Chemist: 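Before I ask anything, let me first share the structure, which is written out below as structure tokens.
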Amino acid sequence: MFRMQGRLVDNLPKVYGLYTGGFIVFIILMAILDKLGVSAATIGILFVAFTILIYALIGWLSRTMELGAYYVAGREVPAVYNGMATAADWMSGASFVALAGGIYFGGYGYMAFIVGWTGGYVLVNALMAPYLRKFGCYTVPDFIGTRYGGNFARLIAVIILVTASFTYVTAQIDASGTIAARALQIKYETGVWVGLVAILMCSMLGGMRAVTWTQVAQYIVLIIAYLVPIIWMSNRQGFGLIPHFSYGGAIHRIQELEPMVKLGLKATESFPGRSILTVPLNATGAPLESWKFFTLALCMMAGTASLPHILMRYFTTPSVRSARKSVAWSLFFIFLLYFSAPCLATLTKLQLLDPNLPTSVIGKPFAEVANLAWIKNWASVGMVAISDSNKDGILQINELFMRPDIIVLATPEIAGLPYVISGLVAAGGLAAAMSTADGLILAIANALSHDLYYKMIDPKADVKLRLIVARVLLVVIGVLAAFIASLHITSILGAVAWAFCFACSGLFFPLVLGVWWKRANREGAIAGMICGFVAGSAYLYYVQNGGAPWWGIDGLRFGMIGMPISLVTMVAVSLMTPAPDEETQRMVDNTRIPTGGTILEASH
Amino acid sequence: MPSNDADRIARHWSKTRTLTIVILCFWAFFAFVLPWNTKALNAFSFMGFPLGYYFIAQGSLIAFVVMIFVQNWMQDKIDDEFGFHEEK
């Protein structure tokens, strides 16, 4: 280990520069081993094991017994680094693993996730982050509880937070289990627990401080892992060094190929969890399409601005101005991955469809395709299936079945890239899933330990006890989430969309109006939270149990039901009950002034 | 709180609010209006992309990033104008 002059925050460029350099050296080393004939499996294990060890080391070095460091990383994280940490916190296993696959299979409709998950940051920046930072809270329910007053409002906020984040975290542990299982060649059920141990090592000892510094490290791994295969593939296909601005030709080519391969043919067989490609890449202008895009994008944006594990990242910056600046950097770092996802989906699709490319499979002799290494590998774990349904000896578009979430993981193999790239992608996917899981588990545990235990149950607890309770809760929540994940209930992307809808149904308007409408009072906020959350959940229950969706609002967009109900009840009830007292009004005024001390005391 | 101070705070907030509303209008345009009309925009071409596709895959995203940086730059100016400088 090298010696550091002064504190970590003063040496960040040096530390992370060294780290990035080290990671690149590691990749090159793996590439050499690959050439020397070391087996693919060994390289996969080395990638996953090496990165997990680094995160665990950072987690251990960041251990703390201070409240401020545990809950808000000492409020000393510079804007750019907080941006990176937020980006890792934000980009989940779903973004990394499933998003490009969703676009591959879902086309225009899934692009709403891209627009929604970036546009939401405009709301975070304009409506929430600077004001919550000024408030000086430790958790999101802390804001609700103080702004509206009373433990009941705080409790409702905690319940919504736990529901939304817990739905989300099971999906992340599921993703880390899937990747760990594949890379380490162990059973999925074991993979889930390996993933959990890795996640807890990052957060348990140092709370928010440890999570912040591991998330920065995880962002660096995940963005390298996402971009390298795309750039590599693009150079092979002749779309230039950076394909993002020049793959327009690929879209036109796919639109040309789609009728030729008879896109839209129904499958005549079925394989559980796997599907064939039926949806065109680009919009067809069907009547419901635009509406579905709009509703999904809106739910994802409002959800972004209400998800506590994201909002709490902006509590860690030194000032209001740096909180704003770090939202901007967050979105920039997120953008780097999100504008690559459609590019990856397009290039992969072209690889498989275009008969002029050596990697194409559609229209090729069935026996030849069945012999491809990647088909065999992924078929053996139940992720891919091919079947010559019409017995003509040729693979048709409706005879190739894939699980949508393997597109990113399998792309390097499909494109025939060396195995070192597959190892890198596995490490990246694991980083994405782990960093989000960490943020979420911490958000839940902090809300329970700070808002439920300290503020409501035992306000006299000393610092040591509070930190022990926080850590015990962290482990308990992690174990519960891993247990539920091991049951495999919904697909990765589905569970993620639910979390956003839970959050925006219950929390969006109480948070926004808490800053932007002085007249909003406790009764209104409580009514808004309960009615929005209950209505949204009830609608989800209705749709999940076979109810016909109203106007195309399905289980992915139930925030469209919860949000308006939350808004209407909150405004109506607020107006029917007395205005908040003088002191609360002054507090709101003070929240809007960017300078001066925080509203809550530094260590509350 | 002296009354000129209260006035300063009120004017700061009114400018902040106007800026926020303007930004949200731009946001709604790139987040909803353009994606809603993807099919129609696809009749045009931009850098080799169908225009509608380009916006939902890249254009709107770039607009969001720029929007936040611009808003923050203008908000900093508003804060400075009313004397809410960064401490330290």
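Just so we're clear, the structure is a prediction, and the values are computed from it rather than from any experiment. Chain letters run A, B, ... following the sequence lines, proteins first and then strands; every chain starts at 1.
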Chemist: So which residue, G116(A), G119(A), P342(A), ends up with the most heavy-atom pairs under 4.5 Å with chain B?
Modeler: G119(A)
Chemist: Contact part of L127(A) toward chain B, heavy-atom cut-off under 4.5 Å: side chain, backbone, both or neither?
Modeler: side chain
Chemist: Does the ring centre of F64(B) sit less than 6.0 Å away from the ring centre of Y121(A)?
Modeler: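 No - the distance between ring centres of Y121(A) and F64(B) does not fall below the 6.0 Å cut-off.
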Chemist: Is it the side chain or the backbone of W36(B) that comes within 4.5 Å of chain A heavy atoms, both, or neither?
Modeler: both
Chemist: Chain B: which of P130(A), A126(A), A341(A), A112(A) shares the most heavy-atom pairs with it under 4.5 Å?
Modeler: A126(A)
Chemist: Taking atom types as modelled and ignoring hydrogens, do the side chains of N82(A) and R313(A) form a donor-acceptor contact shorter than 3.5 angstrom?
Modeler: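 Yes - a donor-acceptor pair under 3.5 Å links their side chains.
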Chemist: Can you say whether I251(A) sits under 4.5 Å from chain B via the side chain, the backbone, both, or neither, judging by heavy atoms?
Modeler: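 Side chain only.
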Chemist: Between the main-chain N or O of P35(B) and the side-chain N or O of Y108(A), is there a donor-acceptor pair closer than 3.5 Å?
Modeler: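 The answer is yes, because a donor-acceptor pair under 3.5 Å joins these two groups.
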Chemist: Using non-hydrogen atoms and a 4.5 Å limit, figure out which bit of M47(B) sits close to chain A: side chain, backbone, both or neither.
Modeler: both
Chemist: Would you confirm whether the ring centroid of F113(A) sits within less than 6.0 angstrom of the ring centroid of Y110(A)?
Modeler: yes
Chemist: Heavy-atom cut-off 4.5 Å, strictly under: side chain, backbone, both or neither for I62(B) against chain A?
Modeler: both
Chemist: Do the ring planes of F332(A) and W329(A) sit parallel (below 30°), tilted (30 to 60°) or perpendicular (above 60°)?
Modeler: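 Rings of F332(A) and W329(A): perpendicular, over 60°.
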Chemist: Please flag which part of F293(A) lies under 4.5 Å from any non-hydrogen atom of chain B: side chain, backbone, both or neither.
Modeler: side chain
Chemist: Will you find, in the side chains of Y314(A) and S330(A), an N or O donor that is under 3.5 Å from an N or O acceptor?
Modeler: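 There is such a pair (donor and acceptor under 3.5 Å, judged by atom type) between the side chains of Y314(A) and S330(A).
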